[in-house]
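Residues take their numbers from the sequence shown, with the count starting at 1. Predicted model, so just to flag it, every value in this text is computed and none were measured.
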Amino acid sequence: RQSRDSCGGQTPALCCTGVQRRSLQDPCQGGTDEQEETQAPVTGRLGHDPAPLQTCAPSGSDLKPRYIQRASCEYQAAVPASDDRFLLQAVENLCSHKVSATLYKQLRQVCEDHVQHLCTDALDSLVFLKKMDTCWQDHCRQMIMVRGIFLFLDRTYVLQNSLLPSIWDMGLELFRNHIISDKMVQSKTIDGILLLIERERSGEAVDRSLLRSLLGMLSDLQVYKDSFELKFLEETNCLYAAEGQRLMQEREVPEYLNHVSKRLEEEGDRVITYLDHSTQRPLIACVEKQLLGEHLTAILQKGLDHLLDENRVPDLTQMYQLFSRVKGGQHALLQHWSEYIKTFGTAIVINPEKDKDMVQDLLEFKDRVDHVVEVCFQRNERFVNLMKESFEAFINRRPNKPAELIAKHVDSKLRAGNKEATDEELERILDKIMILFRFIHGKDVFEAFYKKDLAKRLLVGKSASVDAEKSMLSKLKHECGAAFTSKLEGMFKDMELSKDIMVHFKQHMQNQSAPGPIDLTVNILTMGYWPTYTPVEVHLPPEMVRLQEVFKAFYLGKHSGRKLQWQSTLGHAVLKAEFKEGKKEFQVSLFQTLVLLMFNEGDGFSFEEIKMATGIEDSELRRTLQSLACGKARVLIKSPKGKEVEDGDKFLFNAEFKHKLFRIKINQIQMKETVEEQVSTTERVFQDRQYQIDAAIVRIMKMRKTLGHNLLVSELYNQLKFPVKPGDLKKRIESLIDRDYMERDKDSPNQYHYVA
């Protein structure tokens, strides 16, 4: 700061504070007015309109250099005064007399001299930063004051000269050129700031307001990017690269992901608190790249399977959110997610030892996967679609068996006695089963086993609910079309028609004679709708034979031209029995009925005698006797005791039989699938497939007339709805050539011609 009593031709300097003696001389009168004032810092009070000072400055060509010099000298002495009206008026007067260029030049020189004298001594890092901040704050305050005084100059002369910086920009330029551009000052400032940020990242508390002020200074001086940001990002990159490598070795995946989230949050907070907003994108990208992008595969290999196995929903959610921030992150997560589903699902499907629980395990796995997609992966369409593809891939790695087991699982849910679920819960279970059904390629296998089980439920009266049965049928129809369910719907129609026929038959019996001891109910089945049953000849009691003949005459009398074939395997009856404890009723199969009725004629029979009397096939008779003598309800006593029925075993009537129920069901044996049934059903499916392949080949060849082998195979794959091997197709083509449906081209063996 300088103060002078006279101009003496020297450059005026700014004085901001202090007690000054000033001499104001009227240029017109030559008089002197002296006064003493205590100066308060000038803060640019421009909000009021000061009263104009009465000055007698000459105008135009009368202006003498002496006046300009004197006015400048008076301005120099007047700067520190608390009353700034004179200063404002003096600046306006000088500008009005066309000395703006000189005034601007002198003002710049004064400011430059002042800035050059600022202290930049080498001090301790933190002390230096505080001194630099104080220096910057003082400079800003002073430039605000100077701009307020020279506002008229700034808004007239400077504004009209585009090459000149405004007074404020001039102050920034001077500070930048003389302070920050100094290599030692800049280096010490930047290094000090970086050191504070490093300490804060290490967990120490630092002066954030100091950092905010200094970084704001660099931004205002337009050196933030070149002098600070590049070096800051470089150090950040090195820090997090080393930290990522170290922590990936030391920490488990959930703990590591928590650390990454914490670091991202901290850096975001730094941007809000003291870094320039433009640094946010490169800074966050740097953290994401070093802590996530470089370790995507390692994180997934180390932790994804574990998180999915334990159903760690919060950790999976965090992983998805973090991976979504990184280029290629979602894709990597998607691929590992798909591999996990395939691996886990294959382990369920491929192992025959797990067949019993396969479908339930698949349903539970699907629920778990759906929950992860819903909650953790935010229903991302790519994850949903790939999950479906993965399920379809692994569930068909074992042909046919999953389809068979899904059909049996449906059967277990729709059977009477299934008290696991209410109607609403059963509906939800069926919906979930249908989702698995969609993934299956061999839907014809499902249809065959479902039809066989449905037939048993309907004929043996074991269906839990007709509404549930029809609901399932509706779902299958919606999924596969009317052709898929036409035979199943025909089975229900047969059951309805049979009820009407039985109403008329009972009326007929009442009109014919007195009711007999046996109440007969017959189901009339259309052969095309129902599974194929091998006719079994057994020796029925005379009363049953007579009733069958009566019904046959009644039915054929109403429907001429039809043929009836009795199926005894699915017949069942209710028998009344008397024991010492009292009367009981048994719900039994027809085979069980024939065996038990023998004990009206005697108390004990050998296995051979029962076989001779009933005519039941050997293996079926063993199953029947096992259910009566070795099950929970032991109506017969087997001698010798044992679980298996052997030749020569004898069976006695159990007069001491006791049971808490009055009506006892022993015919569950009818619902159980034998190995022979399972094999024959599978064989029928394969036979039907051969017919479908033959029909498809003939259909294609009839339309195309001539076709190459590869094109024919391609067309067949498009038309057939079940998985088929190229070798099987080749066999069917050869079979059709042998049967003269088509022929090979004589010149090209791979070319086929249709034979009309």
Asp694 and Tyr741 side chains, donor-acceptor separation under 3.5 Å: no
Basic-acidic side-chain contact under 4.0 Å: Asp618, Arg622: yes
Within 45° cone and under 6.0 Å: Arg623 NZ/CZ vs Phe591 ring: no
Ring geometry between Tyr752 and His709 (parallel below 30°, tilted from 30 to 60°, perpendicular above 60°): perpendicular
Atom pair CD1 (Ile348) and CG (Asp355), whose distance is rounded to the nearest 0.5 Å: 12.0 Å
Note: Glu404-Lys401 ion pair, threshold 4.0 Å (strictly below): yes
Heavy-atom pair with the smallest gap, counting every atom of Val685 and Ala448: CG2-CB, 3.3 Å
Minimal non-hydrogen separation, Gly329 against Leu296, with atom names: CA-CD1, 3.9 Å
Pair Asp411 + Arg415, salt bridge at N-O below 4.0 Å: yes
Asp370 and Lys366 ion-paired at < 4.0 Å: yes
Criterion salt bridge (charged side-chain N to carboxylate O under 4.0 Å, His left out) against Asp649, the qualifying member of Lys611, Lys643, Lys638: Lys638
Please report, to 0.1 Å, the donor-acceptor pairs under 3.5 Å made by any side chain of residues 744-751, with sequence neighbours excluded.
{"residue": "Arg744", "atom": "NH1", "partner": "Pro749", "partner atom": "O", "Å": "2.8"}
{"residue": "Arg744", "atom": "NH2", "partner": "Glu734", "partner atom": "OE2", "Å": "2.3"}
{"residue": "Asp745", "atom": "OD1", "partner": "Asp747", "partner atom": "N", "Å": "2.9"}
{"residue": "Asp745", "atom": "OD1", "partner": "Ser748", "partner atom": "N", "Å": "3.0"}
{"residue": "Asp745", "atom": "OD2", "partner": "His753", "partner atom": "NE2", "Å": "2.6"}

Between Phe394 and Phe344, ring centroids under 6.0 Å: no
Heavy-atom pair of closest approach, residues Val724 and Asp728: CG2-CB, 4.0 Å
Pairs meeting criterion salt bridge (charged side-chain N to carboxylate O under 4.0 Å, His left out) with involvement of residues 432-448, two or more places apart: Asp367-Lys432, Arg438-Glu479, Asp444-Arg689
Check: Ser498 main-chain N/O paired with Asn523 side-chain donor or acceptor under 3.5 Å: no
Ring geometry between Phe446 and Tyr450 (parallel below 30°, tilted from 30 to 60°, perpendicular above 60°): parallel
Pair Gln330, Ser324: side-chain N/O donor-acceptor within cut-off below 3.5 Å: yes
Which atom of Leu291 lies closest to which atom of Tyr256, heavy atoms considered: O-OH, 2.6 Å
